Amino acid sequence: MMQDIYQPTVVEAAAQALWERDGAARSSEQAPGQKYYCLCMLPYPSGRLHMGHVRNYTIGDVITRYQRMNGRNVLQPMGWDAFGLPAENAAIKNRVPPAKWTYDNIAYMRMQLKSLGFAIDWEREVATCEPRYYRWNQWFFLRMLEKGLAYKRTATVNWDPVDQTVLANEQVIDGRGWRTGALVEKREIPMYYLKITAYADELLDALDHLPGWPERVKLMQANWIGRSEGVEIGFPYDSGVLKVFTTRADTLMGATYVAVAAEHPLALKAAAQDPKIAAFVEECRKGGVTEAELATQEKKGIATTMRVQHPLTGEALPLWVANYVLMSYGEGAVMAVPAHDERDFEFAKKYGLPLKVVVRVPGGAAEDARSMAQPVISKDVVLCDSGKYDGLDYQAGVDAIATDLAAKSLGQKRVQYRLRDWGISRQRYWGCPIPIIHCPDCGDVPVPDKDLPVVLPEDLAPDGSGNPLAKYKAFVDCACPKCGKPARRETDTMDTFVDSSWYYMRYACSDNDAAMVDGRVDYWLPVDQYIGGIEHAILHLLYSRFWTKAMRDMQLLKFDEPFTNLLTQGMVLNHIFLRKTAAGALDYYSPTEVELKHDADGRVSAAVLKVDGKPVQYEGLGTMSKSKNNGVDPQALVERYGADTVRLFMMFAAPPELTLEWSEAGVEGAQRFLKRLWKAISEHVNTGPAPALDTAALSPGQRVLRRQVHETIVKVGDDIGRRYTFNTAIAAIMELLNAVTRTENITPQDRAVKQEAYTAITLLLSPMVPHVCESLWTALGQPGSLIAARWPAADAGALKRDSLELVVQVNGKLRGSISVPVDAGREQVEQAALSEPSVQPFVQGKTVRKIVVVPGRLVNVVVA
RNA sequence: GCCUGGGUGGCGGAAUUGGUAGACGCAAGGGACUUAAAAUCCCUCGACUUAAUCGUCGUGCCGGUUCGAGUCCGGCCCCGGGCACCA
């Protein structure tokens, strides 16, 4: 007899013990079947899993289990992105060394992942903070240095003048340091860079050969790389030539001034001579370094007394210093054509600089420079007031001007990228040390391979000001590998994006301490399916692609792209509630502490705190986070409902790419479904064994149910395997269960059809809710363990239909429906539609203009 | 500011290639069972009109293409993600 109450705790413990015993999640290069590498983005060990993790790893597990049922040799690994800022913050707050905090978190989160029943091969686990992992960061960095792919130059960073510390962008709040409240400044410091721009063209072009990536991610990456063809133009001045880059060389005759960034050498030269300019340059040093901040600040500038010559006319143009010119793009200088550029236009209007119209729309007249309300920026233009270039279109104008500039050695065509090289130095403790030694005599000396890894001391505790490594003599003091004299070890560590740029390769060979990767990498990679948050669409994914190509060019692997298919999941959101305290601070309240009041229409009208009944402010939806106090602890849910219910709700609530709003009520709905399924199957099996199915002897009702079973097999396979719409797969299975339980249960063949249906439901549902399905499989009398079972195949005979339902429209409006034989001809369908009683009133007395027949769907009668 | 998605009942969502808008589930209301409660089961559930409809309207807003538009095109509004040192 099968237990008639669903007990998730019992069921899940049994299933997990069974999988553990059989090593069900272990992977081997020798196992049969075509390899399938299913990878989820590795978590940062922040302490506990959050719902975003649960969503991410459930999606990966569903795909893993589905592919395994389809005969693939699947690898699903897991690891920890274990270096990073939060460990240092926790250390400052709790005085626990980052290493201990991190390893404790990993242990807890590993337990959580296991309790959710994910089929992860734990033998390949990697933590990026382990020396046996990060030594290969260091090793490969040295190879890049040898090849000229890594180099050193200065970079602009956020500087907290009180703590004397570099701040992460996240640590700058409203232009002030998060701990000191001091106004943040920009500061130039030396930094190591990786030359990702050397791969800009390949990174861009290869996007066209990634059909398994979402269009939006490819588009964002393409725009991020930002390849533009243009002309580099030189503006001579008394002691040199000012270079600018422009994509609009056709408008060169309309340039009325030039502008340079505050950090530009000419700006600094002007500042040295004029205190007002020096003050402006100093003002530009205030504030943070993010592009968003730079782009939204008010456009400001200051005139210098310097002049440059127009390269074609020789006209003297004034030189301005402007905060809207970015030192990091192009040459840090622009030619300003206010009549044909948004930013130049706004700037010129503000400072009363002249406009000169030099292009017009084809067929139209040139706009009057004095009255124009907005610049003409289209490239569909004809040149005018440009002397010999008049009448040329955009491309011809660019070509002619570029040719003339080249003849004077004052310009040439050039490709410019928005993409910048990747600065990897971080003035942080909890990261991978950069393997460089600074010698007073020999300069920057790479640490020899035999001395790798440069091990990070794990027992230091940062205090918030500066990098504790720099104060730790045992680490800093060393001998120069070249000359042996006392030297100083580099104390900067690497950007954690370095760690996550190749971890997925290490899973293939995490036991190999003699090499970064070995031949197994070419077996498992590229990753067949990568799954992670949309927030990583650009940086992590682009760095990983770059890193792969760099490794390929050093003959370490044989593939060009790391991820064949990419699924970007949406974020998990929850409501945010807060109160402002008298002191002005914000107190956030968990949605579980808040009671919502609804108006008569069911809309939320007010929110009050349960403990005091007084109102709280509703701040809308936001990603779950500790700071907003709106996270939901997955562990509490697993304990209350079981892992299967949590997994089922996650997959059912929304398609993976959309944001998901948290709802506890929905979780109960998921649990209800599993209970209903359990009850239905226990009633079925407790009646005794079902007889064999005789497909030739089925009643019409039995045939209808059996057709739905096989239609559902087709749909769920397509939804999971191709569309990744797990929500619609689950909905179809729910419909099937509803149909089975509503069908009568009288004859032996009724029971035979139901046995087939319940077996199919168990198989179809198993990737989503594997524990409960394992029990149901056994209860249904199926041999062996479900984890070894194959995905069901639909029976073509069961899918056959004799007649079709077609919808009938008149002028596009639904008026009725007809049933026609599957092999009915067009005329028969038209006749049936016209004679349908519910359609007749709308057709009578009118002229039938045409009849549109969409086979298998509808008939539209067009009348007048 | 720039790049990129999204907006459909009270709510999450479905409608896969331009072809029945609202599948499936949640919440709500009504009923059955029960001494009672919970659980479970059944019914109703976009708006308007109506005795009831097979009527009219309805997929953020405005306009267009089409026999037919949630889906395609143009213009707007609002919300989310990213912007290079959060991960």
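So you know, we letter chains A, B, ... as the sequences are listed, proteins then strands, and number each from 1. For the numbers below, each heavy atom of this structure counts, side chains included, while hydrogens, waters and symmetry mates do not. Keep in mind the model is a prediction, meaning the values are calculated, not measured.
In this structure, the CE atom of A/Met41 is 17 Å from the P atom of B/C86, given to the nearest Å.
The base of B/U16 is paired with the side chain of A/Lys715 by a donor and an acceptor separated by under 3.5 Å. One N or O donor and one acceptor, one from the side chain of A/Arg428 and one from the base of B/C85, sit under 3.5 Å apart. The base of B/U40 does not come close enough to the side chain of A/Arg676 for any donor and acceptor atom to sit less than 3.5 Å apart. Judged by atom type and distance alone, A/Asn860 reaches the base of B/C67 through a side-chain donor-acceptor pair under 3.5 Å. Taking 3.5 Å as the limit, the base of B/C85 and the side chain of A/Gln427 contain a donor-acceptor pair of atoms between them.
Distance check on atom C1': B/G70 versus B/U17 gives 15 Å, rounded to whole Å. Of the P atoms belonging to B/C11 and B/G60, the separation is 13 Å, rounded to the nearest Å.
Of the N and O atoms on the side chains of A/Asn738 and A/Arg676, at least one donor lies less than 3.5 Å from an acceptor on the other residue. Judged by distance alone, the side chains of A/Trp678 and A/Asp4 never bring a donor and an acceptor atom under 3.5 Å apart.
When the nearest nucleotides of RNA chain B are assigned to A/Ala731 and A/Met571 by heavy-atom distance, the more 5′-ward of the two goes with A/Ala731. For the pair A/Arg857 and A/Val166, nearest-nucleotide mapping onto RNA chain B gives the more 5' position to A/Arg857.
Panel note: side chain A/Asp719, backbone A/Asn727; no donor-acceptor pair is recorded below 3.5 Å.
Contact check, A/Arg723 against B/A15: a side-chain N or O comes under 4.0 Å of OP1 or OP2.
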